[in-house]
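What follows is a set of notes on a single structure, which appears directly below.
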Amino acid sequence: MVGLATVFGAGGGTSSYAEVETANVIVLWGSNAREAHPIYFHHVLQGVRNGAKLFVVDPRRTASAEFADMWLGLNVGSDIALSNTIAREIITAGLAHDEFIKNGTSNFFEYSKSVEPWTLEVGSRVTGIPAEAIRELAHAYARANTAQLCWTLGITEHHNAVDNVLALINLALLCGHVGRTGSGLSPLRGQNNVQGGGDMGALPNKLPGFQDVEDDVARTKFDKKWGCVVPPKNGWNLTQMFEAIERKELRSIFVIGENPAQSEADGAHAVHLLESLDFLVVQDIFMTKTAQLADVVFPGSASWCESDGTVTNSERRVQRVRKAIDLPGEARDDIQIILDLAREMGHDWKYGSSEEIWDELRSLSPMHAGMSYKRLAELGGIQWPCYSEDKLEPSYLHGRLWDADPTKRGRLAPFSVVVDEPPVEATTPEFPLRLTTGRRLDSYNTGVQTRGFDSPLRFGETIDVSPEDAARLEVRDTEVVKVSSPRGSLEVPVRIDKSLRPGLVFMTMHFPDQVDTNLLTINANDPKSGTAEFKAAAVRIDRIKQRMPVAGE
Ligand SMILES: Nc1nc2c(c(=O)[nH]1)N[C@H]1C(S)=C(S)[C@@H](COP(=O)(O)OP(=O)(O)OC[C@H]3O[C@@H](n4cnc5c(=O)[nH]c(N)nc54)[C@H](O)[C@@H]3O)O[C@H]1N2
Ligand SMILES: Nc1nc2c(c(=O)[nH]1)N[C@H]1C(S)=C(S)[C@@H](COP(=O)(O)OP(=O)(O)OC[C@H]3O[C@@H](n4cnc5c(=O)[nH]c(N)nc54)[C@H](O)[C@@H]3O)O[C@H]1N2
Ligand SMILES: [Mo]
């Protein structure tokens with residue numbers, strides 16, 4: 001969100017799902033949508049059936065890559081090098097969109113100078129991708145009439161996450177692939193409502209509707225409505241909170257719907273910090289590992305199918321959700337628990353229904369003003385922005401940048417000079433393997449919601465290793481090995497996997513009770529967005545015992 005907000009002023013994907021189905025070129029960059037966003041991937045496949053060329057940029061030959069016209073298997077953390085190389089190739093081949101660059105963007109000169117050293121040869125050496133493949137992606141993307149650039153954590157879970165995103169935005173600006181039907185930039189969101197959470201102000205520097213906390217005019221609107229004084233300074237993001245606990249500046253935390261004891265990088269350290277708090281409150285639908293550390297647990301808040309309200313997806317579409325089943329036992333809606341707490345703190349906020357809360361939001365957040373419950377139901381969801389009840393805005397954002405009238409273009413979109421930087425932790429002779437972590441189709445995050453029932457799909461944690469590394473280490477499929485990083489070690493079975501290149505190993509974070517992957521990950525993060533470098537740690541694999549010779553071997 002930070003990268004998009006920096007360039008365009010709004011932290012949301014610029015296109016709609018329907019546009020993906022009509023694009024000529026689709027690039028999945030650091031996204032394994034086949035496994036992590038299967039619904040979105042259906043739209044991608046529809047696009048492919050309609051003739052789109054699909055490129056996948058990922059260190060692993062993922063399930064998504066199996067459907068691609070071309071897979072670009074880059075070295076972990078070399079995305080800026082790749083983007084800068086593509087940009088230079090587009091510029092030198094005369095394929096840049098000169099008219100859009102002139103009318104809709106700024107800072108092109110500085111940017112074009114900065115990518116000058118990134119010849120195909122240099123780019124190929126740094127990324128590990130053959131020069132010809134880089135050239136092919138560059139030409140296809142630049143020549144396409146419409147193109148979609150989609151990314152997720154392969155881009156954002158790095159210490160230079162924001163620069164990585166800016167590097168991708170540069171390519172869209174260079175080719176005019178933003179601000180018009182069919183072309184756009186799509187960061188795919190993690191949860192069904194993570195976009196909505198941000199839109200509603202669950203960010204340390206934003207009020208609902210992306211209004212700045214530090215904007216006095218915006219903030220006092222909320223002061224008035226809520227009858228209290230909203231703190232006038234930006235708060236801390238998750239990573240900054242953990243740093244503040246370490247400095248003993250933050251002494252209590254209220255966690256709602258998150259399991260940081262198992263999802264934070266460098267897990268042993270994170271648990272130690274949670275234990276050091278004076279007061280920890282957890283509100284969750286399950287008794288998580290974080291809840292077990294808490295002083296107070298609010299159990300049984302309602303899950304999404306038991307509650308009434310809205311969710312907002314990756315294409316900024318606000319949709320109604322309705323209670324499908326009654327709350328079990330004494331479970332209560334999250335909002336009711338929060339309202340009770342507010343009352344104890346002296347604020348008797350009365351809302352008769354989720355619609356009343358929504359209408360209050362509409363009165364405070366201009367980008368939601370036109371979305372009444374009635375209209376949301378009639379239209380099956382509405383994308384933001386939607387300023388008035390009698391109008392719909394285009395399905396894509398930033399069309400102003402193409403306006404024939406220069407006075408209507410607003411702030412032009414700046415190119416960003418971005419510098420290639422390797423991951424914080426280099427591989428060394430002691431820790432010679434690059435560990436990257438991520439997801440599998442049949443499990444979800446820390447497993448809280450996907451364990452605990454019988455499923456034929458579910459399998460436990462493994463460390464996925466290339467056939468070459470397995471042979472070198474003399475480890476067999478399913479053999480339990482010891483994996484160590486500078487922060488800790490664990491034992492896990494090997495899975496020999498052809499999708500990995502030598503030197504790269506992969507684990508998920510889905511089975512932390514069995515194998516706590518985050519004992520290995522590094523506590524480095526992007527100072528601008530706070531995202532941790534989950535995608536790059538250095539590890540070693542040791543055999544636990546001498547293998548017994550097998551008869552006949
Ligand atoms: N089945 C399932 N679906 C999920 C989730 C789940 O747990 N399970 N979680 C949800 C959540 S919270 C999120 S945020 C999303 C995440 O969705 P994704 O981001 O698609 O999932 P990941 O597997 O974490 O990472 C994506 C890819 O990044 C690649 N990658 C690693 N390092 C690099 C790099 O340096 N450069 C590039 N270009 N790529 C790299 C990995 O190989 C991986 O294939 O998924 C959501 N959907
Ligand atoms: N190694 C490694 N670690 C990672 C990542 C990675 O790629 N690699 N990815 C990171 C990312 S992108 C993410 S998003 C995090 C995810 O990390 P978390 O968000 O900490 O993990 P979840 O398992 O999704 O936890 C969600 C919690 O919300 C609860 N919950 C669900 N519905 C409701 C509800 O309606 N009300 C309430 N009160 N609670 C509810 C669930 O029971 C669960 O305990 O992990 C991060 N950690
Ligand atoms: Mo996520």
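When a ligand or atom number is given, it counts from 1 through the structure's own listing order.
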Does a donor on one side chain sit under 3.5 Å from an acceptor on the other, for Tyr373 and Ser354? yes

For residues Asp199 and Gln195, is any side-chain donor paired with an opposing acceptor at under 3.5 Å? yes

Using a strict cut-off of less than 4.0 Å between a Lys/Arg side-chain nitrogen and an Asp/Glu carboxylate oxygen, indicate whether [X] and [Y] qualify as a salt bridge.
X: Glu468; Y: Lys498; value: no
X: Lys53; Y: Glu136; value: yes
X: Arg61; Y: Glu66; value: yes
X: Arg60; Y: Asp497; value: no

Short N or O distance, Asp284 and ligand 2, threshold 3.5 Å exclusive: yes

Counting each atom of ligand 2 from 1 as listed, which ones have a heavy atom of [X] under 4.0 Å away?
X: Asp334; value: 34 (C), 35 (O), 36 (N), 37 (C), 38 (N)
X: Phe286; value: 42 (O)
X: Ile256; value: 38 (N)
X: Thr288; value: 44 (O)

With heavy atoms and a 4.0 Å threshold, my read on which part of Asn259 contacts ligand 2 is both

Cationic tip of Arg88 above Trp118 ring, under 6.0 Å, 45° of axis: no

In a simple table, one pair per line, please give the protein and ligand 1 atom names for every N or O pair closer than 3.5 Å, along with the distance.
{"from": "ligand 1", "atom 1": "1 (N)", "to": "Glu35", "atom 2": "O", "distance (Å)": "3.2"}
{"from": "ligand 1", "atom 1": "1 (N)", "to": "Arg440", "atom 2": "O", "distance (Å)": "3.0"}
{"from": "ligand 1", "atom 1": "1 (N)", "to": "Leu441", "atom 2": "O", "distance (Å)": "2.9"}
{"from": "ligand 1", "atom 1": "1 (N)", "to": "Ser443", "atom 2": "O", "distance (Å)": "3.3"}
{"from": "ligand 1", "atom 1": "3 (N)", "to": "Ala36", "atom 2": "O", "distance (Å)": "3.4"}
{"from": "ligand 1", "atom 1": "7 (O)", "to": "Asn445", "atom 2": "N", "distance (Å)": "2.7"}
{"from": "ligand 1", "atom 1": "7 (O)", "to": "Asn445", "atom 2": "OD1", "distance (Å)": "3.0"}
{"from": "ligand 1", "atom 1": "8 (N)", "to": "Ser443", "atom 2": "O", "distance (Å)": "2.6"}
{"from": "ligand 1", "atom 1": "9 (N)", "to": "Arg439", "atom 2": "NE", "distance (Å)": "2.8"}
{"from": "ligand 1", "atom 1": "9 (N)", "to": "Asn445", "atom 2": "OD1", "distance (Å)": "3.1"}
{"from": "ligand 1", "atom 1": "19 (O)", "to": "Thr152", "atom 2": "OG1", "distance (Å)": "2.8"}
{"from": "ligand 1", "atom 1": "19 (O)", "to": "Leu153", "atom 2": "N", "distance (Å)": "2.9"}
{"from": "ligand 1", "atom 1": "20 (O)", "to": "Asn32", "atom 2": "N", "distance (Å)": "3.0"}
{"from": "ligand 1", "atom 1": "20 (O)", "to": "Thr152", "atom 2": "OG1", "distance (Å)": "3.1"}
{"from": "ligand 1", "atom 1": "23 (O)", "to": "Arg439", "atom 2": "N", "distance (Å)": "2.9"}
{"from": "ligand 1", "atom 1": "24 (O)", "to": "Arg439", "atom 2": "NH1", "distance (Å)": "2.7"}
{"from": "ligand 1", "atom 1": "24 (O)", "to": "Lys535", "atom 2": "NZ", "distance (Å)": "3.0"}
{"from": "ligand 1", "atom 1": "32 (N)", "to": "Thr436", "atom 2": "OG1", "distance (Å)": "3.4"}
{"from": "ligand 1", "atom 1": "35 (O)", "to": "Gly77", "atom 2": "N", "distance (Å)": "2.7"}
{"from": "ligand 1", "atom 1": "35 (O)", "to": "Asp79", "atom 2": "OD2", "distance (Å)": "3.4"}
{"from": "ligand 1", "atom 1": "35 (O)", "to": "His158", "atom 2": "NE2", "distance (Å)": "3.0"}
{"from": "ligand 1", "atom 1": "36 (N)", "to": "Asp79", "atom 2": "OD1", "distance (Å)": "3.2"}
{"from": "ligand 1", "atom 1": "36 (N)", "to": "Asp79", "atom 2": "OD2", "distance (Å)": "2.8"}
{"from": "ligand 1", "atom 1": "36 (N)", "to": "Gly154", "atom 2": "O", "distance (Å)": "3.3"}
{"from": "ligand 1", "atom 1": "38 (N)", "to": "Val57", "atom 2": "O", "distance (Å)": "3.4"}
{"from": "ligand 1", "atom 1": "38 (N)", "to": "Asp79", "atom 2": "OD1", "distance (Å)": "2.7"}
{"from": "ligand 1", "atom 1": "42 (O)", "to": "Asp58", "atom 2": "OD1", "distance (Å)": "2.6"}
{"from": "ligand 1", "atom 1": "42 (O)", "to": "Arg60", "atom 2": "NE", "distance (Å)": "3.0"}
{"from": "ligand 1", "atom 1": "44 (O)", "to": "Asp58", "atom 2": "OD1", "distance (Å)": "3.4"}
{"from": "ligand 1", "atom 1": "44 (O)", "to": "Asp58", "atom 2": "OD2", "distance (Å)": "2.8"}
{"from": "ligand 1", "atom 1": "44 (O)", "to": "Arg60", "atom 2": "NH2", "distance (Å)": "2.9"}
{"from": "ligand 1", "atom 1": "47 (N)", "to": "Ala36", "atom 2": "O", "distance (Å)": "2.7"}

Can you check ring pair (Phe, Tyr, Trp, His ring centres under 6.0 Å) on Trp358 and Tyr351, steps first, answer last? CA-CA 10 Å; Trp358 184 252; Tyr351 302 99; over 10 Å; no

Hey, do the aromatic rings of Tyr141 and His177 have their centres closer than 6.0 Å? yes

